[in-house]
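So that the names make sense, note that chain A is the first sequence line, chain B the second, and so on, each numbered from 1.
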Amino acid sequence: MEEVRVRFPPSPTGYLHIGGARTALFNWIFAKKHNGKLILRIEDTDEERSTQTSIDGIIDGLQWLGLDWDEGPYFQTEFTADHVAAANRLLASGHAYKCYCTKEELERKRETALAEKKREAGYDGTCRHLSAEQVQEKEEQGIPSVIRFRVPERQGTLFYDDEVLGRIERAYSEIEDFVIVRSNGKPLYLLCNVVDDIRDRITHVIRGQDHMTNTTRQVLLYDALQAKIPVFAHMPLTLDLQKRKISKRSHGEVVAVQFYREKGFIPWALCNFLCLLGWNPGTDQEFFSREELIESFDLSRMSRVNSVFNYKPGDAKFFTDPKLIAINEHYLRTMELAELGDLVRKELETENLWDPAYETTRRDWYLATLGLIRDRFHTLKDFTTAGRAYFSDKYAIDPKPLAKNVLKFPELVTWLPQLAERFSVLDTTFNAEETERISRELADELQIKPGTLINGMRTVLTGQLAGPSMFDIVTTLGREKVVARLNDVDRLFAAA
RNA sequence: GUCCCCAUCGUCUAGUCUGGUCCAGGACACCGGCCUUUCACGCCGGCAACACCGGUUCAAAUCCGGUUGGGGACGCCA
């Protein structure tokens, strides 16, 4: 059987956004599923808009997501000779012709057509039937020209069979003679893309529905170049709540892959979310390991309906699609602790909170602590913010619990040190049961609710309103830190 | 405007090809309850959709036609 070869061909004119990442993901899964190859090709023929920063960002983003490729990155501009040769072949075989119409002329024609509101398919064919003499004359005058593809003057429709959408048809008469080479000699996307796909022996072109009109024209190109037409699969698009195509321009960083990296998302969680946009396995399964996704994936289960990225600007709680957050949370609290440990390590390192002992003598403590605190967290960032008190003695006290659980009870300034004193004599018995017993006992003696002591303790020890069971916190932190922090309670009153 | 694609809960979607098991299933979000020293997690329960009209049929979310709605494309961008 023929080797499956797919490609991801981003144009480096901006960062990698989630739509592009989704396209890359589906191609990646497809390649893996069929033991095929994924080719990364940077389509940088638009010299004015292509940037190195963008190239780096795209590659960086793909790597972060864990989407690896088998060949490339190739750069389209390195194959200009191929593209020009193909254009010349088309010219020689009569599949293309030189067009001397100027940009300005065409623009004027377009505008008048638009004004009359009866705009027909593109180019009017002025240069299509130029005689050899006329062409020679123009050449001698040095009039610049572009190369246009000569769309066959056929009755009926052109069609191709899309793996997702079924048969797609379009009347030949609806397809204009499109430009394949600019007047400066630079070949255009439509041609380059086909020439490269032929050279790279691409078998399946999996891309967005926004390419559908390109595909009909490219099918013509494959025929004219006498190459086998690949299988096309047009995926539904991802839109915003206003049903607009998502883009950097109108949506900003929330659609950038980089944003999720900076926000502390787990790369695979983003992939998992993305694969559910326009695809489902036909079962109720929503969480997939890589292997499971590759196993379950099938192009035939791709939806034909555009999906909406449920993002509401200005929402403090749901700063991106709530389902994406939910999926990230799911992974955060169910993934292997060792794996989570590696991800959190990076967070701790950037905050200078990493202790090498977490890899050795304190590894058990490190992983157990992550397991204790992760249930309440949303992203990896929470480990160094809300969870900071577990890894550092310098942590902020949230004003809300400070007021509610501490300042409201001024006597805590003596109660908590009292508690600390009783804790301090505990040695091997400094465990959850004993610390709880002692705390309740003291509350009883002071004739206050245990909650007063417990909640005050939580605020002082972690700076947080909420957290794990208080006595798990106490044992995790250890006697020394607990005693020190409780004794230090007066600083909170002093500061207030 | 022209061509192409699409149409199930607020969002992601199952079900449509092969009509009956669907007074439409799951997930997220939301609401309520349980658990609890806090907040979560977890568990239980609830709210919520077949765009509209007509046709075919004993029977339509499912097939057909139309309407409406949405999207995409219409560059010497990719």
Side-chain angles (χ1 to χ4, degrees), chain A residues 9-13 43-46 48-50 76 99 101-103 106-107 110 113-114 116-122 144-148 162 164-166 168-171 173-176 178-184 186 188-190 192-193 208-216 234 236-237 239 241 243-245 273 276-287 303-312 317-318 321-327 329 333 373-377 401 404-405 436 439-440 443 449-455 457-459 464-471:
Chain A
S11 66
T13 54
E43 304 217 321
D44 55 350
T45 54
D46 187 344
E48 278 153 38
R49 295 196 299 150
S50 296
Q76 197 158 53
C99 168
C101 298
T102 65
K103 244 183 192 170
L106 295 174
E107 208 142 300
R110 256 199 294 274
L114 213 54
E116 290 169 24
K117 280 205 168 181
K118 56 174 183 190
R119 178 135 186 260
E120 292 303 317
S145 64
V146 300
I147 299 176
R148 279 186 191 274
D162 190 286
V164 174
L165 302 168
I168 303 298
E169 297 184 83
R170 198 170 175 204
S173 59
E174 287 294 335
I175 310 170
E176 67 167 316
F178 52 93
V179 177
I180 53 177
V181 179
R182 294 178 173 98
S183 55
N184 66 4
K186 297 265 163 70
L188 253 8
Y189 167 80
L190 242 18
C192 301
N193 188 247
Q209 284 182 9
D210 50 347
H211 280 284
M212 283 176 74
T213 51
N214 287 335
T215 302
T216 51
H234 290 100
L237 268 18
L239 314 173
L241 275 174
K243 300 279 175 70
R244 299 287 167 206
K245 209 171 136 184
F273 168 77
L276 258 13
L277 250 33
W279 177 84
N280 74 80
T283 65
D284 286 341
Q285 184 173 3
E286 298 211 282
F287 298 108
S303 165
R304 289 176 297 276
V305 193
N306 292 161
S307 50
V308 171
F309 182 65
N310 191 9
Y311 158 68
K312 296 189 187 75
K317 185 175 174 192
F318 298 115
D321 191 310
K323 189 141 185 169
L324 171 51
I325 296 175
I327 289 175
E329 288 168 346
R333 40 191 169 251
I373 62 182
R374 65 173 168 175
D375 274 357
R376 289 158 188 81
F377 291 171
K404 187 182 166 194
N405 295 332
E436 176 164 10
S439 302
R440 289 186 184 280
K449 283 188 289 189
T452 307
L453 225 41
I454 291 168
N455 291 331
M457 225 193 303
R458 186 192 326 281
T459 305
Q464 298 292 305
L465 179 65
S469 165
M470 192 56 237
F471 303 99

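- A24(B) is unpaired under the criterion used here, namely a Watson-Crick or G-U wobble arrangement in which both key atom distances are under 3.5 Å.
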- Task: Decide yes or no on side chain to side chain contact (heavy atoms under 4.5 Å, CB included) for Asn405(A) and Leu465(A), but give the supporting numbers first.
- Result: CA-CA 8 Å; Asn405(A) 295 332; Leu465(A) 179 65; 4.0 Å; yes
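- Between Pro322(A) and Asn310(A), the shortest heavy-atom contact is CD-O, 3.4 Å.
- With values rounded to the nearest 0.5 angstrom, Thr459(A) atom OG1 is found 12.0 Å from Ile454(A) atom CD1.
- Both Thr283(A) and Gln76(A) sit near RNA chain B, but only Thr283(A) has its closest nucleotide nearer the 5' end.
- The partner of G45(B) is C31(B), judged by Watson-Crick or G-U wobble contacts that both fall below 3.5 Å.
- In this structure, Ser469(A) OG and Arg458(A) CZ are separated by 7.5 Å, a value rounded to the nearest 0.5 Å.
- Rounding to the nearest 0.5 Å places CD of Glu286(A) at 5.5 Å from CG of Leu276(A).
- For C39(B) and C17(B), the C1' atoms lie 50 Å apart once the distance is rounded to whole Å.
- Pair check for G1(B) finds C74(B); Watson-Crick or G-U wobble, both atom distances under 3.5 Å.
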Quick one: which protein N/O atoms are closer than 3.5 Å to N/O atoms of nucleotides 68-71 of chain B? Pair and distance per line, please.
residue	atom	partner	partner atom	Å
G71(B)	OP1	Arg244(A)	NH1	3.3
G71(B)	O2'	Asn306(A)	OD1	3.0

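- Between the CG atom of Leu190(A) and the P atom of C74(B) there is a distance of 10 Å, given to the nearest Å.
- Taking a pair to require two hydrogen-bonding distances under 3.5 Å in either a Watson-Crick or a G-U wobble arrangement, U37(B) remains unpaired.
- Taking the P atom of each, A27(B) and U37(B) are spaced 29 Å apart, rounded to whole Å.
- The nearest whole Å value for the distance from the CG atom in Leu188(A) to the P atom in C77(B) is 5 Å.
- A distance of about 9 Å separates the C1' atoms of C43(B) and C35(B), rounded to the whole Å.
- Side-chain contact between Asp321(A) and Tyr311(A) is absent, with no heavy-atom pair separated by less than 4.5 Å.
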- Task: Take Val179(A) and Arg148(A) through the test side chain to side chain contact (heavy atoms under 4.5 Å, CB included) and record every step on the way to the result.
- Result: CA-CA 4 Å; Val179(A) 177; Arg148(A) 279 186 191 274; 3.6 Å; yes
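- Spacing between C30(B) and U11(B) at atom C1', rounded to whole Å, works out to 12 Å.
- Here C76(B) presents its P atom at 14 Å from CZ of Arg49(A), a figure rounded to the nearest Å.
- Put simply, CG on Asn214(A) is 11 Å from P on G75(B), counting in whole angstrom units.
- Within 4.0 Å of Val146(A), counting heavy atoms only, lies at least one base atom of the nucleic acid.
- Contact of Ser307(A) with C12(B) (side chain to base): no donor-acceptor pair of N or O atoms is detected under 3.5 Å.
- In a base pair of the Watson-Crick type (N1 to N3 plus N6-O4 or O6-N4) or a G-U wobble (N1-O2 and O6-N3), with each distance short of 3.5 Å, U57(B) is matched with no nucleotide.
- Comparing U18(B) with C12(B), their P atoms sit 28 Å apart, to the nearest whole Å.
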With the criterion being N/O to N/O and under 3.5 Å, what pairs connect the protein with nucleotides 18-21 of chain B, and how long is each?
none

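- Pairing partner, C9(B): none, since no Watson-Crick or wobble contact has both distances short of 3.5 Å.
- For the pair Asn280(A) and Gly282(A), the tightest heavy-atom approach, listed with the atom from each and the gap, is OD1-N, 2.7 Å.
- In this structure, Met212(A) places its CE atom 13 Å from P of G72(B), rounding to the nearest Å.
- Taking for each of Gly278(A) and Tyr189(A) the nucleotide of RNA chain B with the nearest heavy atom, the 5'-most of the two is the partner of Gly278(A).
- A straight line from CD1 of Ile327(A) to C1' of A29(B) spans 13 Å, rounded to a whole angstrom.
- Side-chain contact check for Arg304(A) versus Leu165(A): some heavy-atom pair is nearer than 4.5 Å.
- Contact annotation: Thr45(A) reaches the phosphate of A78(B) (side-chain N/O to OP1 or OP2, under 4.0 Å).
- The nearest whole Å value for the distance from the NZ atom in Lys317(A) to the C1' atom in A29(B) is 8 Å.
- Remark: Asp44(A) pairs with no residue by the salt bridge (charged side-chain N to carboxylate O under 4.0 Å, His left out) rule, at least two apart or across chains.
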- Readout for nucleotides 31-45 of chain B: B = base within 4.0 Å of protein heavy atom, S = sugar-phosphate only, - = neither; 5' to 3' it is ------BBBBS----
Check: protein-nucleotides 25-28 of chain B nitrogen or oxygen pairs below 3.5 Å:
residue	atom	partner	partner atom	Å
A27(B)	O4'	Glu286(A)	OE1	2.8
A27(B)	O2'	Glu286(A)	OE1	2.4
A27(B)	O2'	Lys323(A)	NZ	3.2
A27(B)	N3	Lys323(A)	NZ	2.9
C28(B)	O2'	Lys323(A)	N	3.3

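- Taking OH from Tyr189(A) and NE2 from His211(A), the interatomic distance works out to 4.0 Å, rounded to the nearest 0.5 Å.
- When all heavy atoms are compared, the tightest approach of Thr45(A) to Gln76(A) is CG2-OE1, 3.4 Å.
- Here the CZ atom belonging to Phe178(A) is positioned 8.5 Å from the OG1 atom belonging to Thr216(A), to the nearest 0.5 angstrom.
- If you take CZ of Arg170(A) and P of C3(B), they are 10 Å apart, rounded to a whole angstrom.
- For U16(B) and C63(B), the P atoms lie 9 Å apart once the distance is rounded to whole Å.
- Between A61(B) and U8(B), the distance separating the two P atoms is 15 Å to the nearest Å.
- Taking Pro468(A) as the reference, Leu372(A), Ile373(A), Arg376(A), Tyr390(A), Ile473(A) meet the side-chain contact (heavy atoms from CB on, under 4.5 Å) condition, with sequence neighbours excluded.
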- Query: Please walk me through it: do Glu43(A) and Cys192(A) pass side chain to side chain contact (heavy atoms under 4.5 Å, CB included)?
  - Reply: CA-CA 9 Å; Glu43(A) 304 217 321; Cys192(A) 301; over 6 Å; no
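- Rounded to a whole angstrom, the distance from the P atom of A24(B) to that of G10(B) is 15 Å.
- Remark: Lys243(A) NZ to Asn306(A) CG distance equals 8.5 Å, nearest 0.5 Å.
- Pair check for A14(B) finds none; no Watson-Crick or G-U wobble contact set falls under 3.5 Å.
- Distances shown here put every side-chain N or O of Asn280(A) at or beyond 4.0 Å from the OP1 or OP2 atom of U13(B).
- Nearest heavy-atom pair across Leu453(A) and Ala443(A) is CD2-N, 3.9 Å.
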